[in-house]
Amino acid sequence: MTLRVVDLACARGPAQILAGVTFAVAPGEALILRGANGSGKTTLLRTLAGLTPPLAGEIITAPDAIAYAAHADGLKSQLSVGENLAFWAGVFGTKDTSAAIDAFHLGPLLDRRAGEMSAGQKRRLSLARLLVTGRPIWCLDEPTVSLDAENVARFAAAVTAHLGMGGSAIIATHIDLGLPMAQTLDITQFVAKRIRADDPFAEAMG
Amino acid sequence: MNSIWEYANPRKFMATSAFLLPWVAGLAAICLVVGLVWGFFFTPDDFRQGSTVKIIYIHVPAAIMAVNAWLMMLVTSLIWVIRRHHVSALAAKAAAPVGMVFTVIALATGAIWGQPMWGTWWEWDPRLTSFLILFLFYLGYMALWEAIENPDSAADLTSVLCLVGSVFAVISRYALLFWNQGLHQGATLSLDKEQNIANVFWYPLVIALCGFGFLFLALVLYRTQTEIRARRLKALIAQERMG
Amino acid sequence: MPDLGKYAVYVLSSYAVTLGLLAAIILASIWQARRVRARLEAVESRRDRGA
Amino acid sequence: MIALLKRDLMLAIRAGGGFGLSLAFFLIFTTLVPFGVGPQTGVLATIAPGILWLGALLACLLSLDRIFQLDWEDGTLDLIATSPVPLEGLAAIKALAHWLTTGLPLVVAAPALGLLLNLPAAGYLWLIASLLLGTPALSAIGTFGAALTVGIKRGGLLLSLLVLPLYMPTLIFGALCVVRGAAGQEALTPLLLVAGITLGSLAILPFAAAAALRVNLR
């Protein structure tokens with residue numbers, strides 16, 4: 001499942017942030033988004049995920065192919081690991097969660113409350129959630145924030161495994177993940193900050 | 001005559017409204033003065049209600065315009081939702097306070113008029129109460145506009161509220177009739193024009209109504225211009241912040 | 001001035017309330033318009049000087 | 001969708017906030033009334049239907065802003081929006097979950113509180129029927145209000161200002177049904193009207209709530 005983006009323009013609130021964004025991600029490839037804070041990485045990912053309607057351009061991919069994961073990982077602290085995963089499996093319609101549980105060694109943690117886990121364990125659970133969605137294209141926003149070196153390595157291994165199985169990933173991060181097939185895309189080249197084109201209040205009037 | 005969508009662009013609207021405003025304001029002033037003065041000074045007292053019948057020249061037009069203002073907001077919200085017509089959304093925002101003021105006038109004059117006739121300042125009469133509910137709808141609508149940062153989202157959310165609110169306003173209107181039989185007199189200005197009020201009262205009333213109508217139009221045009229400038233101000237500040 | 005009889009208080013007060021409220025909304029609109037127009041001119045002149 | 005409902009109910013039970021708070025409020029509200037209005041049972045009996053309905057309505061109102069707020073803050077709403085579950089379904093399920101955790105307990109508790117205000121015997125059947133048919137509308141309208149104000153910080157007060165006028169018809173018909181029932185008059189018509197409003201709300205409002213959510217998620 002390749003993801004092709006052609007001449008995409010994204011907006012954050014009243015302002016357009018990016019314009020002319022064009023790239024393609026083939027199965028098995030990873031794309032690292034570089035750019036200063038506020039240069040629109042999150043906005044781009046949210047537009048790819050379909051949360052924010054793009055101002056212009058196209059996102060060409062199979063329907064329901066993109067799984068989005070942001071800082072806020074959508075885990076309920078009162079629910080146990082197993083219940084959280086079962087919930088997301090129910091939402092995404094995947095039958096069993098054992099594959100995701102084994103991939104991130106969550107077996108021993110299954111009935112521990114999500115609220116009682118360390119940041120690293122929580123990150124592993126949110127990655128397991130990604131696996132549960134069963135969607136090939138991962139859009140990850142700063143996935144390795146608040147993770148120590150060991151967990152970052154484990155995260156990189158998980159992404160590599162995902163790429164190995166023909167999935168692809170678009171990751172906004174500042175940390176070098178050492179992924180094999182990773183290209184880097186610096187989105188500062190696409191930054192075109194001005195008022196949204198469909199906002200008629202930009203030019204002077206009486 | 002270019003289509004009304006031509007006015008989607010604020011510049012065109014500003015030019016046209018700048019041209020129209022003095023005329024509409026002038027008409028409003030004339031009709032108001034003529035209507036109210038004629039009604040106040042040159043009409044006889046009613047044999048039953050005495051001089052309080054003179055309140056009709058402000059109570060009825062205000063009540064009619066209060067409802068029309070909400071209908072106008074409903075139409076402009078629909079135009080915004082369907083055609084993303086920016087000026088229409090701002091016109092709805094501009095009309096809300098004016099509609100609210102008309103509702104308060106209708107309530108106040110209704111209550112004052114009710115005192116000598118029904119003996120109490122406030123009577124839970126279905127029509128008077130439905131204006132109280134309309135007042136709450138206006139309050140909620142305006143509060144929602146102020147509470148949201150991004151103007152486009154604010155326009156979307158307030159339009160949805162206006163649409164849903166209108167459905168419930170109609171339901172409330174009939175729920176109230178079910179809830180308490182009214183003391184309010186029948187329709188004063190029904191269109192089939194059977195004589196429910198004598199001609200001598202009727203003419204000044206119609207002129208006063210036109211006065212209120214033009215005043216509403218003038219205020220909405222004027223306030224929409226301000227909303228457009230405020231929106232432009234926001235856009236410029238956003239541009240500056242982007243550097 | 002017509003003889004309003006015993007209801008004079010009610011008629012006059014309702015007219016006073018109405019004219020008062022109408023004046024209030026008109027003045028509020030004018031005041032708000034002036035304020036926005038002034039701030040807009042300030043920002044636009046800043047922008048023209050800066051641009 | 002069922003997973004959503006199961007999770008919400010589990011969260012309500014486990015967090016314990018859901019059930020207890022609204023019921024406690026309903027109890028406190030009803031017990032406060034005689035202190036304000038005076039202990040004469042005659043007076044209390046006549047205003048009992050209105051007070052019970054107002055108590056139920058305000059109890060629903062209190063728990064509205066929690067419908068989407070928690071999911072909004074921890075990112076679940078974003079993730080569900082990108083999942084195959086449609087937002088309309090989410091709104092309907094959230095309304096159902098709110099009704100099950102808040103509306104239904106109120107219906108169960110209402111007769112007991114009716115005793116406190118010595119509601120006439122004939123009124124109890126109508127009280128239960130009107131609340132049973134009316135509270136789903138309160139949840140559906142409330143979910144719409146919650147969706148409108150989810151993006152607004154401290155939107156709770158605004159939520160009440162927006163939702164209370166929309167609760168007016170259900171309150172009028174609901175209380176009227178119990179009043180007439182208690183007085184032995186014919187109370188079926190207001191009951192049917194309450195049901196009508198509920199069905200209308202359940203049909204339209206999830207779509208309006210989803211539209212509002214889509215705007216807030218932008």
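The number of heavy atoms from other shown groups lying within 6.0 Å of CH2 (B:Trp122) is above 12.
Taken from CG in B:Leu236 to CZ in C:Arg39, the straight-line distance is 11.5 Å, to the nearest 0.5 Å. In this structure, the separation between CZ on B:Phe216 and CG on C:Leu22 is 13.0 Å, given to the nearest 0.5 Å. Interatomic distance, CZ of B:Arg223 versus CD1 of C:Ile26, reported as 11.5 Å (0.5 Å rounding). Here B:Ile55 contributes atom CD1 and C:Tyr7 contributes atom OH; the two are 10.5 Å apart, rounded to the nearest 0.5 Å. Put simply, OG1 on B:Thr226 and CZ on C:Arg37 are 8.0 Å apart, with the number rounded to the nearest 0.5 Å. Here B:Tyr222 contributes atom OH and C:Ile30 contributes atom CD1; the two are 5.0 Å apart, rounded to the nearest 0.5 Å.
Neither the backbone nor the side chain of B:Phe42 comes within contact range of chain C, judged by heavy atoms closer than 4.5 Å. C:Val17 touches chain B through its side chain: at least one heavy atom from C-beta onward sits under 4.5 Å away, while N, CA, C and O do not. For B:Ala108, the part lying under 4.5 angstrom from a heavy atom of chain C is the side chain only.
If you run side-chain contact (heavy atoms from CB on, under 4.5 Å) between B:Thr109 and each of C:Val11, C:Leu21, C:Thr18, only C:Thr18 comes through.
Side chains of C:Glu44 and B:Arg232 form a contact here, defined as non-hydrogen atoms less than 4.5 Å apart.
Among all heavy-atom pairs drawn from B:Leu219 and C:Ser29, the shortest one is CD2-OG, 3.8 Å. Closest of all the heavy-atom pairs between C:Tyr10 and B:Ile112 is O-CG2, 3.4 Å. When every heavy atom of B:Arg229 is checked against every heavy atom of C:Val36, the shortest pair comes out as CB-CG1, 3.7 Å.
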